Asker: 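If you scroll down you'll find the structure; I have some questions about it.
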There are 2 protein chains.
Amino acid sequence: MSDIRILLVDDHPVVRAGLRAMLADFPGVTVVAEAADGDAALAELRRLHTLGEPVDLVLMDLQMGAGMDGVTATGKIKAGEAGSPPPPVLILTTYDTDADILAAVEAGASGYMLKDAPPEQIRQAVLSAAAGQTALAPEVAARLMGRIRNPSPALSAREVELLELLATGMSNRAMAKQLFISEATVKTHLVHIYSKLGVDNRTAAIAAATQRRIIRGR
Amino acid sequence: MSDIRILLVDDHPVVRAGLRAMLADFPGVTVVAEAADGDAALAELRRLHTLGEPVDLVLMDLQMGAGMDGVTATGKIKAGEAGSPPPPVLILTTYDTDADILAAVEAGASGYMLKDAPPEQIRQAVLSAAAGQTALAPEVAARLMGRIRNPSPALSAREVELLELLATGMSNRAMAKQLFISEATVKTHLVHIYSKLGVDNRTAAIAAATQRRIIRGR
DNA sequence: CGGCCAGTCATCCAAATGGTTGATTCCGGC
DNA sequence: GCCGGAATCAACCATTTGGATGACTGGCCG
């Protein structure tokens, strides 16, 4: 039986080198290509596919400095844009916020590991994912469980819209003008937002929303 | 002439492996020890020092998942707590906000590199730092230069400190307690911050500070 | 030495924000 | 066709925040 053929996708040369070194120590796996962002990853997959040497597993980071991000790339890969059948995608990232995890799972990722995981855990995840199984880091699994147990109420589209203006530093009056509604309505929305996010002032709302990736950070 | 003896400090096994692999390709350097956080780093330095095998350079990450953070550890190392003379400390991290950079420099770091830097740049920085020189990533240097050229009024250290608490959503009262000062003082600082950033409320201050990378978003 | 600035604190007042209650409209689902 | 949720607005009141002025201290610089 031949080795598991892997594509590494990460924008940090240091991390790619680390994964390459780590995977080299695992018998049964081979890194056949690397990419620094989602675009390059898709190109590599297509190239290898047309060569008749498809990859068996994609190890993907979520945050890329520039170019297509990991979630988008995962979605495109699973949509078959880089050849079918699409290979499993194992997310390997630093963050473990709810929004990140859900987005990745929705995009079709087969697993979600954290970079600070011990090598043995990563090895297990790689083997599981390549075999078509799901591989979740314990921390991630715990977070998902907790989320199912007590789901945080979803913000409405209008509320998110308001939150985005809020994050730019606008006053209630300014937001009211911008959205063609009264200040009273703005306040009502804010109160709803606060209660859904479990905070009691606008700056904390921004912090919470940014943390949960409801709105953009920086 | 013997090799430059290096201690790696990073909480991610993957990153440590990457740095080890990358440094192994550079002639003239040897990784003699690794640590996953600041406490372990200090312990390693002391151990090697008593063995009569001091390290010539510490490669330090700033963010550690648990244990002592990089800035604190750098400060302690430069204070001679792990043997003197203290070795140069080269910061190697993911972020490049003003607050991070200033804190590291104040703690006594000899340089500041970003993890997404190409290997050659990292190699140069390692050699420079080991030789007792300063090594700044181009992005970081540019930021510092721009800061000097730009007449954008610099925030004081205390003001940045306050800004960071502000961004977590704390009220004036909460910040006052946290910083052991009165609410009146907090308000004074805020007014100064607003005028320096050209804004007139706290959320706008956070937006401006995040935009200018004075503090970290998310 | 004298001046300046950061940091500290106080007081007063005006404006913005947070919290509550209640009401209307519209839409989609059961 | 009724119910519930989202969105809209109003009025009220307590608290927080913003803005101005003034004052004291300790350090740094020329």
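Small disclaimer: the values here were computed from a predicted structure and weren't measured. Side chains are part of it too, since the values below use all heavy atoms of this structure and drop only hydrogens, waters and symmetry mates. A, B, ... follow the sequence lines: proteins, then strands. Residue 1 opens every chain.
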Asker: Could you tell me which non-hydrogen atom of B:D3 sits nearest to which non-hydrogen atom of B:V29, and how far apart they are?
Answerer: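 Taking B:D3 first and B:V29 second, the nearest heavy atoms are OD2-O, 3.7 Å.
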
Asker: Could you tell me the separation between the CZ atom of B:R202 and the C1' atom of C:dA15, rounded to a whole number of Å?
Answerer: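 B:R202 atom CZ is separated from C:dA15 atom C1' by 14 Å.
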
Asker: Kindly compute the distance separating CD1 (B:I6) from OG1 (B:T30), expressed to the nearest 0.5 Å.
Answerer: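 Taking CD1 in B:I6 and OG1 in B:T30, the distance rounds to 8.0 Å.
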
Asker: Within the side chain of B:K78, is there an N or O that forms a donor-acceptor pair under 3.5 Å with the backbone of B:P87?
Answerer: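 Present.
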
Asker: Nearest-Å distance, CG (A:L163) to P (D:dA6)?
Answerer: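 It is 16 Å, rounded to the nearest whole Å.
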
Asker: Taking side chain to side chain contact (heavy atoms under 4.5 Å, CB included) as the definition, give me every residue that meets it alongside A:A36, ordered by chain and number, with sequence neighbours left out.
Answerer: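 With sequence neighbours excluded, A:A36 shows a side chain to side chain contact (heavy atoms under 4.5 Å, CB included) to A:R16, given in chain and number order.
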
Asker: Under a 3.5 Å distance rule, please check whether B:D61 uses its side chain to pair with a backbone N or O of B:G70 as donor and acceptor.
Answerer: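 Between the backbone of B:G70 and the side chain of B:D61 there is no qualifying donor-acceptor contact (under 3.5 Å).
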
Asker: So, for A:A109 and A:T74, which heavy atoms are closest and what is the spacing to 0.1 Å?
Answerer: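 Scanning both residues completely, I find the closest heavy atoms to be N-CG2, 3.9 Å.
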
Asker: Can you check each nucleotide of nucleotides 25-30 of chain D against protein heavy atoms at under 4.0 Å and return B for base, S for sugar-phosphate only, - for none, in 5' to 3' order?
Answerer: ------

Asker: If we fit an axis to the first five pairs and another to the last five of the helix from C:dC1-D:dG30 to C:dC30-D:dG1, what angle do they make, to the nearest 10°?
Answerer: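 Comparing the first five pairs with the last five, the axes sit 50° apart.
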
Asker: Rounded to the Å, how far apart are B:L155 CG and C:dC5 P?
Answerer: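 Roughly 16 Å, once rounded to whole Å.
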
Asker: Grab the two heavy atoms, one from A:I122 and one from B:V14, that are nearest each other, plus how far apart they are.
Answerer: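 Taking every non-hydrogen atom into account, CD1-CG2, 3.7 Å.
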
Asker: OP1 or OP2 of C:dG19 sitting under 4.0 Å from any side-chain N/O of A:Y194?
Answerer: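 It does not, given that no N or O in the side chain of A:Y194 lies less than 4.0 Å from OP1 or OP2 of C:dG19.
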
Asker: Looking only at heavy atoms, which two atoms of B:P54 and B:H49 are closest? And how far apart?
Answerer: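 Between these two residues, the closest heavy atoms are CB-CD2, 4.4 Å.
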
Asker: CG of B:L190 versus C1' of C:dA6: gap in Å, rounded?
Answerer: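 B:L190 atom CG is separated from C:dA6 atom C1' by 15 Å.
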
Asker: Which pairs, with at least one residue in residues 5-14 of chain B and sequence neighbours excluded, count as a side-chain hydrogen bond (donor to acceptor under 3.5 Å, both in side chains)?
Answerer: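 Qualifying pairs: B:D10-B:K115.
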
Asker: Within residues 168-189 of chain B, find the residues that approach DNA chain D with a heavy atom at under 4.0 Å, and present them sorted by residue number.
Answerer: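 Residues of residues 168-189 of chain B that come under 4.0 Å of DNA chain D are, in numerical order, B:S171, B:N172, B:R173, B:K187.
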
Asker: Is the backbone N or O of B:E34 less than 3.5 Å from a side-chain atom of B:R20, with the two atoms forming a donor-acceptor pair by type?
Answerer: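 Looks like no, no N/O pair under 3.5 Å.
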
Asker: For C:dT8 and B:R158 - does any side-chain N or O of the residue sit under 4.0 Å from the phosphate oxygens OP1/OP2?
Answerer: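 Yes, B:R158 has a side-chain N/O under 4.0 Å of OP1/OP2 on C:dT8.
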
Asker: Among pairs that include at least one residue of residues 177-188 of chain A, which meet salt bridge (charged side-chain N to carboxylate O under 4.0 Å, His left out), considering only residues two or more places apart or in two chains?
Answerer: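 As it turns out, the salt bridge (charged side-chain N to carboxylate O under 4.0 Å, His left out) pairs with a partner in residues 177-188 of chain A, which skip direct neighbours, are A:R173-A:E183.
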
Asker: Rounding to a whole Å, what distance do you find between B:E159:CD and C:dA6:P?
Answerer: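 It works out to 7 Å between those atoms.
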
Asker: When the nearest nucleotide of DNA chain C is assigned to A:V191 and to B:H192 on a heavy-atom basis, which residue is associated with the more 5' position?
Answerer: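 By nearest-heavy-atom nucleotide position, the 5'-most residue is B:H192.
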
